[in-house]
Each structure stands twice: as structure tokens, then as C-alpha cells.
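Questions regarding the structure given below will be posed in turn.
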Amino acid sequence: MRLVVADDSTVMRRIVIRTLRQAGFDAEVLEVADGRAAYVAAIEEQPDLVLSDWNMPDMTGIESLRAIRAAGSGVLFGFVTSESSEAMRAEAEAAGAAFLITKPFTPETFRDVLSAFV
Amino acid sequence: METYASTRELPTTGDFASIVAQVWQSFLDSVIVEEPDPSDAMLASFHTEDRVVGWVSITGDWSGHLLVTTSSAGAREIAAGLFELGVDEVGNDEVADAVGEVANVVGGAVKGMISEACSLSLPQVVFGAGMIVHLGAEERTTVRLMWKQELIEVSLWEACATANNGGAR
């Protein structure tokens, strides 16, 4: 599996990657630190999955997702975010996100959510 | 000073302790416990000029700040734990990233308990915060927890128009 992990926090990218491994997912990971880089990586690298924070500098996660879809990419995209209101979930779904995982998460959370898609 | 009375029900210290415990369990595989009555020695160690504060601001139909404060040693322990490095291997970049992300995750959960019609800022971190924190806000809820012999304080401050006590303590 080829994966893009987008989060402006280095330690959160490490935690996401560590948790994926603990959940049993073997992935080749490209790390990016803002929404624009996530957009570029999604278009140019055509990964199997983008896992993105919501709140990031230089394009938020939702702005990045909308740009990805506007560019014609149907890449599997999920949010990993500290916020999760019903309004955000609806916004994410409307923009084409497959799921939203709330921080803090566990390997079991990743396994439960991701196994339906990858 | 104008008084400010919030009618909104805010998270309790128990809610805070529960949120922080979840973060520690999930990301540090560790137990953190509430310390309602810290000793004088603990407080002396905590109230030093080298404190580290990470915070996120909440804006919308409720506005304020969620602060995570700990000693320099406590902040290094958090960074070492989250990065899975030794305490001697983490520098200020790792400490700032780690403490900011703890504030971000706790702040996201707290925001969700206060209002859905709010947004969360990117986290900010200040080193040597003993003298410089001033937020134009009033303290609403504070919980103190103990981890690796260090106090970690999580507090919620509500923005108010005429606060003149700031956040400096």
C-alpha cells in the first residue's frame, strides 16, 4: 500500500505511521506537512490512500481534498483529526472523504475503519 | 473590573482528566493520574520560569483557550514519549511539536464538548512561560495531573472583553 500522511505535526505523523504498523498495515509512506503538499502528492504520486489532518497551514485538509477532487482524482481520502463534529463529518463526506478518525486513536480504531477500504 | 458570567456549561475537571487519560493511554501507552493536592515541593518545581505552555484557541459562539502547562522536564518527557526517543535525544523542536500536539488533541476534544459552532486554531507553544502568558481571558476549569513525577496542568480560559488579570500567574 502506498500512503500519504499529511499533518503539520511531525510527532503526529510518527504516531499515525506507528499506529498503522501496530494495526497490521504495511505501507510505503510519504509524509507531508501541509494541505498544499498533500494535494500535490495525491495528484503526482497517485497513492492508494491519503490520511490527512484537518487543521493545517497552507490549505486545510478539507481545502486540499476539494482541490484533489476538482483536479479529477478519486484517491481514497480519510481524515485523522482532533475535531469531529457532525457538521465536519457531513462536510468531509460531501467533499468526498471516505472516513474521519478522531484523535486520540488506537490501532484497533485504524483496523476497524481502514479494513473496510484497503 | 467587569465581571463575566458564562451561562454555558463547560467541561468539568473530571472531563478534563478523562480526556487527558485517553491521550496518554493511546499515544504514550501510559497512565496519568489526577493530582488534586500537589505537595509544596511539586508546586515549587512547577512554578518556575522554565515552564512550557502549549495552547490552542477556540473561536466561535464560545471563545477561549485551552492550555497545557508543564515544567521543562515534564515537556521533555512528553516529547521523548511521543517520539519514542530518550529524554536526552529531544530538542526544543521536538518539545514544541509534542506539547503543541497534546494541546491540539485535548483542545479538539474539549471544543467538541463546548460547542459544534467553533473552530480551533493551530497550536502554539511558549518556552519560559513563567512571566509572559497573557491571554485576556478568565480561568474556568483547571485540572492538575501527575506523570513521571511532573505536574501537568490543563486549563480552560474563557475570553472576555475586559479581562485585566490576563493569564499570568
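What you are looking at is a predicted structure, and each value in this text was computed from that prediction instead of being measured. Just so we're on the same page: letters track the sequence lines, and every chain starts at 1.
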(request) Starting from the C-alpha separation in whole Å, work towards a yes-or-no answer on side chain to side chain contact (heavy atoms under 4.5 Å, CB included) for B:L120 and A:S82. (result) CA-CA 9 Å; B:L120 203 64; A:S82 62; 3.8 Å; yes

* Are any of the side-chain nitrogens in A:R14 or B:E84 under 4.0 Å away from the carboxylate oxygens of its partner? -> no

Interface check, chain B: of A:M12, A:M56, A:K103, A:R18, most non-hydrogen pairs under 4.5 Å belong to A:R18

So CG of B:L122 and CG of A:D53: to nearest 0.5 Å the spacing works out to 8.5 Å

Is it possible for you to say whether B:W147 and B:V143 belong to one hydrophobic cluster, with membership spreading through side-chain heavy-atom contacts below 4.5 Å?
yes

Are A:W54 and A:V4 joined in one hydrophobic group, where the rule is that I, L, V, M, F, W and Y side chains link up if heavy atoms are under 4.5 Å apart? yes

>> Side-chain heavy atoms nearer than 4.5 Å, only ILVMFWY residues, links allowed to pass through others: does that put A:I15 and A:V50 together?
In response: no

Honestly, the part of A:P107 sitting under 4.5 Å from a heavy atom of chain B is neither

Chain A shares the most heavy-atom pairs under 4.5 Å, among B:G108, B:A117, B:A109, B:A79, with B:G108

| request: Please check if atom CD in A:Q22 has more than 12 non-hydrogen atoms from other residues, nucleotides or ligands closer than 6.0 Å. | output: yes

Q.
Surrounding CD of B:Q149 (heavy atoms of other residues, nucleotides or ligands, distance under 6.0 Å), is the total greater than 12?
A. no

Notebook entry, point to check: Is B:L85 reachable from B:W24 through a run of I, L, V, M, F, W or Y residues, each pair having side-chain heavy atoms under 4.5 Å apart?
Noted result: yes

* **Heavy atoms from other residues, nucleotides or ligands near CG of A:D26 exceed 12 (cutoff 6.0 Å)** => no

Residues B:S121 and A:N55: closest non-hydrogen pair is O-ND2, 3.6 Å

In terms of heavy-atom pairs under 4.5 Å with chain A, the winner among B:V56, B:V23, B:V106, B:D93 is B:V23

Given the options A:T19, A:T109, A:T106, B:S26 meets side chain to side chain contact (heavy atoms under 4.5 Å, CB included) only with A:T106

CG of A:D7 to CD of B:E101, rounded to nearest 0.5 Å, is 5.5 Å

Honestly, the part of B:S115 sitting under 4.5 Å from a heavy atom of chain A is neither

Smallest heavy-atom separation, B:D97 atom then A:S9 atom, equals OD1-OG, 2.7 Å

When rounded to the nearest 0.5 Å, the distance separating CD1 of B:I58 from CD of A:E83 is 9.0 Å

Derivation of the side chain to side chain contact (heavy atoms under 4.5 Å, CB included) call for A:V11 and B:F27:
CA-CA 10 Å; A:V11 77; B:F27 291 162; over 6 Å; no

Subject >> Heavy-atom check, side chain of A:M88 versus side chain of B:E116, under 4.5 Å >> reply: no

Hydrophobic clusters here meaning ILVMFWY residues chained together by side-chain heavy-atom distances under 4.5 Å, can you tell me if A:M1 and A:V29 are in one?
yes

